[in-house]
Amino acid sequence: MKLEQLAERVQSRTPLRLLVRWVAGIRASVHTKLLAAFLIVTSLFVAMALVSLQTIVSATHQSQLLDEAHEMVSLAQEGEHALARQMHYTDLALLSQDEVAIAKILRENNRFNDRLAKVEAAGTAERGLVEQIRSSQDEAMAVVADMANAIRDGKLGSVTGGLLRRQERLDTEITTHVGRLVTAQQDRMTRLRESVTAANRRSLILTGAFAVSAVIFALFCGFVISWSFILPVREAQGFLDKVAAGSFGGHISVPNRDEFGALAERMNHMSRELERFDIEQRHAAAELGRLNQQLAQTSKAKSEFLANMSHELRTPMNAILGFTEMVLDGLYGDVPTELKEPVADIQVNGRHLLRLINDVLDLSKIEAGRMDLALGEYSVREVVDIAYISLRSLAVEKGLNFVINVHDDLTVAYGDNGRLTQCLMNLAGNPIKFTKQGRVEIGVELVGSELIYRVSDSGIGIPKEELENVFAEFRQVDATVTREFGGTGLGLSITKKFVEMHDGRIWVESEIGKGCTFFFAVPLRTKGDSA
Amino acid sequence: MSKQTILYIEDNEYNRKIVRQLVGRTSYRLIEAIDGESGVALAQQELPNLILMDVQLPKMSGLDATRVLKADPRTGHIPIIVITSFALSGDREKASAAGANSYLAKPYSPRELLALVREFLPES
């Protein structure tokens with residue numbers, strides 16, 4: 001995490017930022033960019049290897065030169081030793097007058113000449129110095145020749161002094177020259193060694209510096225290229241987060257002119273489209289809201305209209321039914337026999353019209369959402385009894401076997417007893433009207449925490465394909481039945497709505513020719529927030 | 001002992017006629033008013049034994065009239081039966097909140113109305 005934060009800070013607060021954006025802006029694919037970065041880093045390491053190799057080769061060469069210089073020093077020193085012995089034998093020859101010593105002088109002289117020649121051949125010695133040594137040695141050899149002649153002639157004693165002086169002068173001269181030669185070779189070797197040491201140090205520094213800068217450059221390349229990819233990805237993340245949070249219409253701006261750039265362009269396109277859809281959708285929602293409000297207003301107006309209509313319709317109905325009842329009750333005197341039937345017909349039809357008005361108003365109130373249940377404790381037995389008593393006279397009139405079947409353990413439930421009674425009357429009213437003979441039964445059972453009310457008859461039954469339609473408004477199995485028996489066609493759909501308002505369900509089972517049974521199940525204790 | 005008086009406040013002519021003919025066969029005395037304001041004035045003047053109050057009335061609604069009469073110490077004790085043709089839920093609650101002693105929904109059966117009247121005001 002900390003490393004990432006550091007990288008973030010470096011990226012955002014240094015001129016590297018410009019470089020990152022420049023790399024991102026290069027018109028090339030991600031693939032090409034990665035390949036180029038890889039090749040740059042690879043070639044850096046190849047170059048580093050070449051530099052190291054070159055350093056090794058150069059060090060080997062220097063070491064050879066040093067070896068050679070060292071050999072020259074050895075040769076010069078050997079020459080010096082040979083010269084010293086040559087001098088020694090010369091002195092010995094003078095003292096011992098022995099020819100054996102002469103031979104040894106010659107041998108050492110040969111050895112000296114050999115070393116000198118090698119040093120000279122290497123070209124490392126000062127030419128003038130070598131010439132001087134050679135001429136001095138020639139002179140020394142001339143002395144030795146004289147000495148040898150004198151020994152052979154036995155006249156050494158007379159020349160010894162002269163030879164000794166010449167010899168001593170030459171000794172000093174040659175020794176000095178050879179000493180200079182040796183010193184020169186040693187100096188050369190020392191200089192060479194110093195220069196090799198310096199060159200090695202330089203190589204080491206150069207290689208090290210190269211290696212360090214190659215690593216730094218590789219890291220730098222990696223840093224720049226990776227950030228040129230990270231930046232657009234981050235932008236995209238931010239953008240997608242906003243989209244996910246429901247804010248459309250954002251725009252992402254990336255310097256990339258590679259796949260990331262293309263991706264960003266597509267996202268921007270998507271964003272514009274999303275915004276367009278969003279705006280359209282908002283407009284549609286606003287329009288819907290407006291329409292909904294209008295509908296609500298219309299619905300309210302409808303409810304108010306219904307309330308007024310309720311009053312307007314019931315006032316004359318009150319007069320019609322009131323006067324009819326008073327006529328039939330003999331309030332205006334005895335009713336002539338021939339008038340009794342038409343007046344009773346007026347009463348039946350008036351009541352039917354009133355039922356129709358009540359049903360239409362109930363349904364409208366339910367649909368306007370203005371029907372509230374009056375919830376409370378009620379006696380199940382009483383609900384069934386009221387429905388039974390209200391319908392009994394009609395059933396008896398038709399000669400039907402109308403019975404109720406309620407278990408004694410059913411006592412108190414919670415719901416709207418008035419509406420449940422209405423439901424039972426709607427369900428039982430139809431079979432009593434439509435069944436021409438046989439049996440109609442109202443029953444209640446408690447199953448779990450559900451009260452199941454049941455109305456069954458032994459009538460003609462309902463065809464299977466009509467079963468799902470029986471609860472729809474203004475539907476009756478046979479439209480002519482309505483005219484014959486005077487149903488409103490609204491009872492079942494109102495019943496269904498009341499049952500649903502009790503969180504219950506309603507259904508019907510039927511077999512053609514054997515009758516049908518309507519059920520509705522409501523919770524023993526209806527949970528309602530309205531009373 | 002003077003006749004027991006019933007005040008019927010109702011704007012519809014035919015409904016007044018029904019009650020008039022119904023009560024005409026009994027020992028009650030009927031007085032009538034056709035709007036809320038005159039109904040209240042008549043009640044305060046005549047101090048009837050029972051008031052039948054329609055809800056939908058011109059000038060002052062039946063519920064407002066009920067409230068006024070119930071708040072008046074001279075008329076507060078008189079039983080009031082509110083008659084409504086408004087079938088919206090809460091009517092019964094509104095009527096009892098206004099102080100009505102009973103409630104009858106239109107259309108009513110004249111027989112039931114008379115039975116309710118006799119419940120409050122037994123015929124002497």
Side-chain angles (χ1 to χ4, degrees), chain A residues 300 302-333 347 350-366 368-376 416 418-419 422 494 498 501 528 530-531, chain B residues 6 8-28 30 32 34-36 52-58 61-63 81-97 103-118:
Chain A
K300 194 165 173 246
K302 185 181 146 193
S303 294
E304 275 160 14
F305 170 77
L306 283 169
N308 289 331
M309 280 309 287
S310 167
H311 171 70
E312 298 302 331
L313 291 169
R314 279 164 208 255
T315 300
M317 282 312 296
N318 195 53
I320 293 170
L321 291 174
F323 283 118
T324 315
E325 188 183 305
M326 291 197 297
V327 168
L328 287 175
D329 279 0
L331 201 80
Y332 304 104
Q347 191 179 41
R351 281 182 184 155
H352 179 61
L353 181 58
L354 180 66
R355 255 202 320 280
L356 196 60
I357 292 167
N358 285 342
D359 280 357
V360 170
L361 291 174
D362 274 352
L363 197 64
S364 305
K365 270 186 286 174
I366 291 168
R370 295 184 56 153
M371 175 70 81
D372 296 320
L373 294 180
L375 294 176
D416 183 336
R419 295 309 183 184
Q422 195 179 342
I494 291 171
F498 281 143
M501 285 171 79
S530 53
Chain B
I6 299 170
Y8 186 30
I9 311 173
E10 158 76 66
D11 61 325
N12 184 279
E13 156 85 47
Y14 293 101
N15 285 328
R16 282 204 309 277
K17 200 171 161 188
I18 288 179
V19 173
R20 199 181 305 139
Q21 292 174 349
L22 194 67
V23 174
R25 314 258 304 182
T26 66
S27 63
Y28 300 116
L30 184 73
E32 296 169 25
I34 58 162
D35 62 65
L52 301 176
M53 176 83 78
D54 192 53
V55 166
Q56 297 267 293
L57 289 173
S61 87
L63 293 180
I81 299 172
V82 165
I83 301 168
T84 180
S85 51
F86 238 33
L88 288 183
S89 60
D91 271 6
R92 186 183 295 271
E93 286 75 10
K94 277 184 208 160
S96 45
Y103 170 98
L104 195 63
K106 268 189 199 169
Y108 52 82
S109 146
R111 227 181 286 147
E112 281 174 21
L113 176 67
L114 198 57
L116 192 61
V117 166
R118 283 183 172 135

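Because the structure is a prediction, the values reported are computed rather than measured. Here is the naming used below: chain letters follow the sequence lines, and residue numbers restart at 1 for every chain.
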Report task. Could you look at L22(B) and say if it's the side chain, the backbone, both or neither that has a heavy atom under 4.5 Å from chain A? Result -> both
Report task. Might you confirm whether atom OH of Y332(A) has over 12 heavy atoms from other residues, nucleotides or ligands at distances under 6.0 Å? Result -> yes
Report task. Check each atom of Q21(B) against the heavy atoms of chain A and say whether the ones under 4.5 Å are side chain, backbone, both or neither. Result -> both
Report task. For each of D329(A), L313(A), N318(A), T315(A), tally heavy-atom pairs with chain B at distances under 4.5 Å, and name the one with the top tally. Result -> N318(A)
Query - Flag for E325(A)-S109(B): side-chain donor and acceptor within less than 3.5 Å - result: yes
Query - Contact winner vs chain B - I320(A), L354(A), L321(A), heavy-atom pairs under 4.5 Å - result: L354(A)
Report summary line: Note: L57(B) and E10(B) closest approach over all heavy atoms is CD2-CA, 4.0 Å
**Report entry** Test log, rule side-chain contact (heavy atoms from CB on, under 4.5 Å), inputs R20(B) and E32(B)
**Finding:** CA-CA 9 Å; R20(B) 199 181 305 139; E32(B) 296 169 25; 2.7 Å; yes
Query raised in the report: Listed by chain and number, what are the side chain to side chain donor-acceptor pair (under 3.5 Å) partners of D11(B), not counting sequence neighbours?
Result: none
Query - Residue L331(A) versus chain B: region with a heavy atom under 4.5 Å - result: both
Requested in this report: Could you tell me which of A105(B), G24(B), P107(B) has the largest number of non-hydrogen atom pairs under 4.5 Å with chain A?
Outcome: P107(B)
Query - Option in N15(B), V19(B), L113(B), N12(B) with maximal non-hydrogen atom pairs under 4.5 Å from chain A - result: N15(B)
Requested in this report: List in chain and number order the residues that pass side chain to side chain donor-acceptor pair (under 3.5 Å) with D54(B), two or more places apart in sequence or in another chain; answer none if no residue qualifies.
Outcome: K106(B)
